[in-house]
Amino acid sequence: MASGNSFYITTPIFYVNDAPHIGHAYTEVAADVVARWHRQAGDDTWSLTGTDEHGEKILRTATANGTTPKQWADKLVTEAWKPLLETIDIKNDDFIRTTDERHESSVQLFLQRLYDDGYIYSGEYEALYCVGCEEFKPQSEIVNGTGPFEGQKVCAIHSKPLELLKEKNYFFRMSDFTERLLALYEERPDFVQPESARNEVIQFVRQGLSDLSISRSSFDWGVKVPWDDSHVVYVWFDALLNYITAVGYGQEGTDFDRRWPATHIVGKDILRFHAVIWPAMLMAAGLDVPKQVFGHGWLLVGGEKMSKSKLTGIAPTEITDTFGSDAFRYYFLRAIAFGQDGSFSWEDLSARYQAELANGFGNLASRVVAMVTKYFDGVVPAPGEYTDVDLAIQAVVRKATDDADTAINALAIHDALASIWTIVDELNGYITDSEPWALAKDPANAARLGTVLYTAVDGLRALAVLLSPVLPKATQKLWESLGAAESLGALTDQPLRDAGRFEQLPAGSTVSALQALFPRIEPAVA
Ligand code: ME8
């Protein structure tokens with residue numbers, strides 16, 4: 001399967017100051033669905049996620065908890081971040097931690113190279129720093145504090161006071177790259193997406209870039225600057241490099257050339273780091289810039305970004321314990337246009353679970369399998385002559401397959417799901433209109449009944465394949481129930497872009513009982 005085009009996709013690496021909430025899980029799921037899609041389409045796919053463990057934020061959290069930053073990071077990775085991947089069914093190829101030796105040594109190599117080539121110099125710096133963002137804040141993101149912070153300057157994102165830092169630092173000559181970056185955005189309009197994100201980035205860079213402080217000397221929790229071990233590398237400079245260190249940058253005999261460049265999925269809060277600083281760093285090192293940086297929207301609570309520091313985070317298990325991981329994966333990608341903000345609500349989640357997953361897809365699968373069991377003793381009938389309505393269903397499945405693939409390539413994940421759902425809706429309508437239960441009453445209609453049920457079953461076969469990146473558990477159950485595992489092999493080996501071709505499930509396959517794919521949710525007893 002790994003012979004197609006190279007496709008390397010990443011999530012941000014997350015801070016281990018706290019446990020994940022559904023905003024982090026949202027990014028993970030989006031990247032995972034796109035990775036699974038490409039993998040199943042035969043592309044040479046690699047998906048990376050991981051944790052960002054250095055810097056002042058982690059150091060302070062560890063100290064406040066009476067432990068060392070490494071012990072704190074180990075604990076959070078083992079108890080919170082890796083379990084998250086299980087909770088939401090992520091199939092990543094690698095997990096990088098910035099405290100991995102493979103990462104730290106390659107960061108030093110990269111930095112030394114920039115230093116040797118004259119892109120780094122030493123200077124004095126004094127500016128307002130946000131530890132939450134781990135960033136010196138530009139004027140546009142500094143606001144006046146309210147409530148307990150009245151009279152102080154606070155970060156527009158974290159609403160917490162900024163700290164005035166004055167240090168002797170090493171600087172990266174980022175200002176050298178203003179023109180080259182603007183040319184990049186111009187020549188490759190899809191380098192930063194969606195369009196709103198691209199415009200924001202262009203506007204920011206047009207104002208001209210300043211050089212970037214890339215080291216800190218007031219604490220030592222970080223990668224040592226190779227030529228001056230009284231400094232550690234600035235946490236963002238260190239973190240961004242994970243995307244290349246994880247695939248073997250600077251090491252012998254690795255997959256670096258095969259994998260790089262990557263598609264980066266990030267929240268819009270960290271767009272500038274990925275679309276401005278990161279390509280400038282890569283240009284300085286003579287490496288390819290990323291294939292694409294996609295900034296998705298925020299999950300909002302009360303109109304504001306859901307966040308750990310504001311205590312508005314919802315733990316993913318609060319949702320998966322009741323609705324399951326498939327519903328979690330589906331809901332956020334279907335309900336929110338990828339690239340825009342969206343508000344989470346339990347009402348909307350329940351309503352979509354019931355209408356789309358249970359009544360729409362789940363019920364379709366149950367009734368088709370039940371009818372094959374009842375009318376054909378569980379053996380998939382051979383189709384007879386197709387009528388226009390059958391051919392129309394085949395056309396719907398083909399079009400949905402092509403449209404979904406186009407949408408995934410453009411990272412319009414919500415559009416891909418809407419396209420696939422046309423199959424669910426059309427097949428449900430087709431069964432209602434064809435009335436197999438009425439056909440079954442007269443043996444003279446046996447051939448027609450066979451054609452209708454074959455069409456429905458092969459439509460379900462296509463749905464299982466197309467939905468497997470989003471609903472891996474439910475589609476696996478359906479696949480087994482259709483008897484497809486025996487005749488066609490593993491679900492995840494089915495070539496995705498070929499899903500729309502009809503008549504793949506052999507007549508004569510045996511279906512088996514299908515338990516509800518999305519069971520009714522009983523309200524918790526108080
Ligand atoms: O920024 N809605 O890590 P982080 C949607 N370590 N997505 C959200 C979200 C929300 N309310 N809240 C968080 C960092 N996210 C750095 C990244 S990468 C080289 C270093 C997601 O733990 C979203 O993907 O603060 C956002 O970009 C990321 O979590 C920030 O995670």
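Counting starts at 1 for both ligands and their atoms, in listed order. Computed over heavy atoms, backbone and side chain alike; hydrogens, waters and symmetry mates excluded.
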Give the numbers and elements of all ligand 1 atoms closer than 4.0 Å to a heavy atom of [X].
X      : answer
Ala239 : 19 (C)
Asp52  : 6 (N), 16 (C), 20 (C)
Asp269 : 26 (C), 27 (O), 30 (C)
His21  : 9 (C), 12 (N), 13 (C)
His274 : 18 (S), 19 (C)
Thr27  : 21 (C), 23 (C), 24 (O)
Gly297 : 5 (C)
Gly23  : 2 (N), 5 (C), 7 (N), 8 (C), 9 (C), 10 (C), 15 (N), 21 (C)

Practice prompt. Give me the one residue out of Trp421, Phe518, Phe361 that meets ring-ring contact (aromatic ring centres under 6.0 Å, His included) with Tyr330.
Written response: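 Only one option passes, and that is Trp421.
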Between [X] and [Y] (judged by ring centroids, cut-off 6.0 Å), do the two rings come close enough to count as a pair?
X      : Y      : answer
Tyr243 : His274 : yes
Tyr331 : Phe323 : no
Phe171 : Tyr125 : yes

Practice prompt. Assess whether ring pair (Phe, Tyr, Trp, His ring centres under 6.0 Å) is satisfied between Tyr115 and Tyr119, documenting all intermediate values.
Written response: CA-CA 6 Å; Tyr115 187 64; Tyr119 287 110; over 10 Å; no
Fill in: Protein contact of atom 19 (C) of ligand 1 - nearest heavy atom, named by residue and atom, plus distance
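For this ligand atom, the closest protein heavy atom is Tyr243 OH, 3.4 Å.
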Worksheet item: Any N or O of Gly267 that comes nearer than 3.5 Å to an N or O of ligand 1?
Response: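 Min N/O separation from ligand 1 is below 3.5 Å for Gly267.
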Worksheet item: Counting N and O atoms only, with roles assigned by atom type, does the side chain of Ser175 sit under 3.5 Å from a partner on the main chain of Asp211, one being a donor and the other an acceptor?
Response: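 Side chain of Ser175 to backbone of Asp211: no pair is present.
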Fill in: Asp52 bridged to Arg97 by N-O distance under 4.0 Å
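Answer for the salt bridge query: no.
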Worksheet item: So between Val301, Ile13, Leu300, whose heavy atom ends up nearest atom 20 (C) of ligand 1?
Response: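 The nearest heavy atom belongs to Ile13.
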Practice prompt. Just do the side-chain contact (heavy atoms from CB on, under 4.5 Å) check on Val289 and Arg188 with the steps written out, would you?
Written response: CA-CA 11 Å; Val289 297; Arg188 289 180 35 193; 3.6 Å; yes
Fill in: Sub-4.0 Å heavy-atom approach of Phe273 to ligand 1
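Flag not set, Phe273 not near ligand 1.
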